[in-house]
Every structure is written in structure tokens, then in C-alpha cells.
Asks: 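This is the structure, below, for whatever I ask next.
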Amino acid sequence: MKKNMEKYLEKAKVLVEALPYIQKFNRKIIVVKYGGSAMTDEALKRKVIEDVTLLKLVGFKPIVVHGGGKEISKWVAKTGKEPQFINGLRVTDEETMEIAEMVLGKVNKSLVQLVESLGVRAIGISGKDGGLLKVEKKYSDGKDIGFVGEIKEVNSSVLYDLLEKDFLPIVCPVGLDDEWNTYNINADDAACAIAKAMHAEKLAFLTDMEGVYKDPSDPSTLISELWVKDAEKLMETGCIGGGMLPKLHSCIDAIENGVSRVHILDGRIPHCLLLEIFTNKGIGTAILQEGENKYYDE
């Protein structure tokens, strides 16, 4: 009986620890960029969606922006084409764009289905719907990479209307240019642009990395909280590389445009969103606006 009581008391402590965060972020918009391995593992996928659903049910206003790169590459390969990337961006010809839109649409509706099964109303939309994401052609170091879009405008009223009607929006990163051509959009870029346009309180990137390290070769150097100036210094030292570098640029861009905190989380950890948002320690890296209070000191 005593062991059972201790177990229940631990659960109660977790709820009490979460209370100030629920109060602080109640009715606040949180954008979640969902990608990486958490999208391909069905058990992890369900846990991510459970997290987002719980955020909605306790009073947050989550918006999910999803990727689908691994699934797109799989289907591109099935057509006999070799997926090509330049500086981390997919080279997207007309045929690849058609495949990408098909795959992203399928992913989008599967996420809607999962959210609905947990008792929350969700709507999956493409950036093409209602002119949500207006783009222009994106180049990579001056190279033409096909139908890859750079977001120039977000029609935020579409998302505000859905939130007002108590829906959980799930956004597919595809947009239109001024000539109504369809473009694939990097999901990180889409999440960042939406977070800025919606004046989100938080932007969370679910990745296949634990967060930002002082020394990438030493897992014990994971940094839990960073001000923007410290993140910039880290990039200047050259110790940040690979896929983390563009993510940090996106984080800084979002914060400089009004987002209070940006979180980089390891989506391979079950319930990583809840652990980062509702606990004092957190598990990933949070990038903060200058002047924001750290929850704790290293």
C-alpha cells in the first residue's frame, strides 16, 4: 500500500510541477514542427500526437507543421529516380513535386485521423488552401533547385479562424507562387514563418538530435537554455555544423521576429514535448529572447 501511495504522490508532484506552465501558456499559440524519425515510427507518432492533443486540451493553441522527407525520398526512389539534395534542400523537378504533394497530403490526413481519434477536432490544410503560404522561387547558393519555395507571405487569418473555431490546424508545407505554380517548402522554414506570423509564444522543432551541444562529440555538454547572443557565438566558433546550423538560424530568425522561446527537441524520446514544456529541467535546448528569464542556471 505504501509503495502504491508513493507512486500516486509522484504523479501528483508531476501535475503540480506542470501547473505554472499551464497557467503561463494558457490560450497561447505554440507551433510544433513535426519531422524526423518520430514520423516514421508509429509508436512515436502516436506519442507526439498525444502530446499535442494534451496541449490543446489544457488550454494551449497548438499548430502542427509537418514534414515528410523520408517518405518522399522512398516514393521518389520507387519511380527509379535518385533523390538529390543541394545544401540540405531537395532538388524538386515537376515529377518530384507531384510525388511530394501526394505523399505530404497522405501524411497530413493520417495525422488528422490520429488527432480526431483522441477526441480533438483537427483540420489538415495545405499552404495552398486559402492562400495560406505564398512563395517565390528559392535558389540555393544561386543554383536552381526546381519547385522549392521561399515563403514571402503567410495569410495568418486562415489559422486564426481555425483556432477561433477550436480546431487544431495541421499544416502541409506546400505553397503557391504569383502564377499559381505549386512549390515544395522546407518544413522548418514553414514552421518558422507561421510562428512569426502568428506571434507564437513557442516554436518547437522535433528532430533526430538531442539539442545543441557545446562540444558535439560530448553528449554531456548538452545546453538546456541559450540566449540568442550565446547561440550566435556558438555558430561563430564553428563547433555547430550539419543539420543543426540551419535550425539555429531558423531559431534566431523566429526569436528576432517576436517568438519568445524556440525549442529543439529529440523527437525519438517518447513524450518529448510534455517533458520540455511542463517540467523545470526539460530535455532539449531552448533558445530565448534577450531578457527572458532562464528557468534554471547551468
Side-chain angles (χ1 to χ4, degrees), residues 10-25 28 30-41 43-58 60 62-67 187-188 191-192 195 200-228 230-231 234 239-240 242-245 247-248 250-252 254-255 259-289 292-298:
E10 282 302 312
K11 288 183 178 179
K13 286 178 184 176
V14 170
L15 291 172
V16 170
E17 186 176 335
L19 180 59
Y21 303 105
I22 294 173
Q23 291 172 323
K24 180 180 173 84
F25 300 115
K28 298 291 177 62
I30 293 182
V31 176
V32 178
K33 187 271 174 170
Y34 176 36
S37 298
M39 293 197 72
T40 56
D41 182 304
L44 282 176
K45 181 190 289 187
R46 183 169 184 86
K47 286 177 170 53
V48 169
I49 297 305
E50 285 173 347
D51 286 5
V52 174
T53 302
L54 180 60
L55 293 178
K56 177 79 171 64
L57 291 172
V58 298
F60 293 43
I63 298 169
V64 175
V65 181
H66 67 83
D188 284 0
C192 186
E201 186 71 21
K202 286 178 179 284
L203 167 60
F205 290 99
L206 269 59
T207 72
D208 287 343
M209 297 172 278
E210 292 177 325
V212 180
Y213 297 96
K214 290 177 183 173
D215 178 358
S217 64
D218 184 356
S220 70
T221 64
L222 178 68
I223 304 168
S224 293
E225 290 180 308
L226 269 173
W227 281 306
V228 167
D230 298 322
L234 268 179
C239 66
I240 305 293
M244 183 56 72
L245 195 57
K247 276 196 170 50
L248 269 182
S250 293
C251 291
I252 292 169
I255 288 170
V259 179
S260 296
R261 285 176 181 254
V262 183
H263 302 260
I264 299 174
L265 307 176
D266 188 344
R268 299 167 298 183
I269 299 174
H271 299 301
C272 61
L273 265 175
L274 299 187
L275 290 169
E276 177 66 11
I277 292 174
F278 288 143
T279 63
N280 292 334
K281 181 69 176 173
I283 59 166
T285 298
I287 317 294
L288 290 66
Q289 281 182 348
E292 274 269 311
N293 291 327
K294 288 191 175 184
Y295 290 145
Y296 61 91
D297 294 319
E298 297 290 346

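Computed over heavy atoms, backbone and side chain alike; hydrogens, waters and symmetry mates excluded. Everything numeric here is computed off the predicted structure, so don't read it as measured data.
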Asks: Looking only at non-hydrogen atoms, find the nearest pair between V262 and A254 and report the distance.
Replies: CG2-CB, 4.1 Å
Asks: About how many Å separate CG of D51 and CG of L275, when rounded to the nearest 0.5 Å?
Replies: 8.0 Å
Asks: With rounding to the nearest 0.5 angstrom, report the NZ to CG distance, K33 to D188.
Replies: 4.5 Å
Asks: Taking the side chain as everything from C-beta on, heavy atoms only, tell me whether F60 gets closer than 4.5 Å to I277.
Replies: yes
Asks: What's the shortest heavy-atom distance between A187 and G67, and which atoms?
Replies: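 Nearest pair, atom of A187 first, then G67: CB-CA, 3.8 Å.
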Asks: Does V52 form a side-chain contact (heavy atoms from CB on, under 4.5 Å) with L273? I'd like the steps, not just the answer.
Replies: CA-CA 8 Å; V52 174; L273 265 175; 3.8 Å; yes
Asks: Please name all residues satisfying salt bridge (charged side-chain N to carboxylate O under 4.0 Å, His left out) with E50, sequence neighbours left out, ordered by chain then number.
Replies: R46
Asks: side-chain contact (heavy atoms from CB on, under 4.5 Å) with L54: which residues, sequence neighbours excluded?
Replies: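 In terms of side-chain contact (heavy atoms from CB on, under 4.5 Å), with neighbours along the sequence ignored, L54 is linked to V58, L274.
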Asks: Going from OG on S250 to CD1 on I287, what distance comes out if it is rounded to the nearest 0.5 angstrom?
Replies: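 If we round to the nearest 0.5 Å, S250:OG and I287:CD1 are 11.5 Å apart.
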Asks: What pairs with K45 under side-chain hydrogen bond (donor to acceptor under 3.5 Å, both in side chains), at least two apart in sequence or on another chain?
Replies: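 With neighbours one apart ignored, the set is E42.
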Asks: Taking side-chain hydrogen bond (donor to acceptor under 3.5 Å, both in side chains) as the test, write out the residues that go with D208, two or more places apart.
Replies: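 With neighbours one apart ignored, the set is S37, K70.
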Asks: What I'd like to find out is whether the side chain of L55 reaches to under 4.5 Å of the side chain of F278, using heavy atoms alone.
Replies: yes
Asks: Of all the heavy-atom pairs spanning C192 and L203, show the shortest one and how long it is.
Replies: CA-CD2, 4.0 Å
Asks: What's the spacing between M209 CE and T285 OG1 if we round to 0.5 Å?
Replies: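 Here the interatomic distance stands at 10.0 Å.
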Asks: Could you give the distance from OH (Y34) to CG (L44), rounded to the nearest 0.5 Å?
Replies: 7.5 Å
Asks: Could you pull out the closest heavy-atom pair between A195 and V31, with the gap in Å?
Replies: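 Residues A195 and V31, closest heavy atoms: CA-CG2, 3.8 Å.
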Asks: Does T207 use its side chain to pair, donor to acceptor, with the backbone of L265 at less than 3.5 Å?
Replies: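 Yes, the answer is positive, given that a donor and an acceptor are paired below the 3.5 Å cut-off.
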Asks: Checking A286 now: which residues fulfil side-chain contact (heavy atoms from CB on, under 4.5 Å) with it, not counting sequence neighbours?
Replies: E225, R261, H263, E276, L288
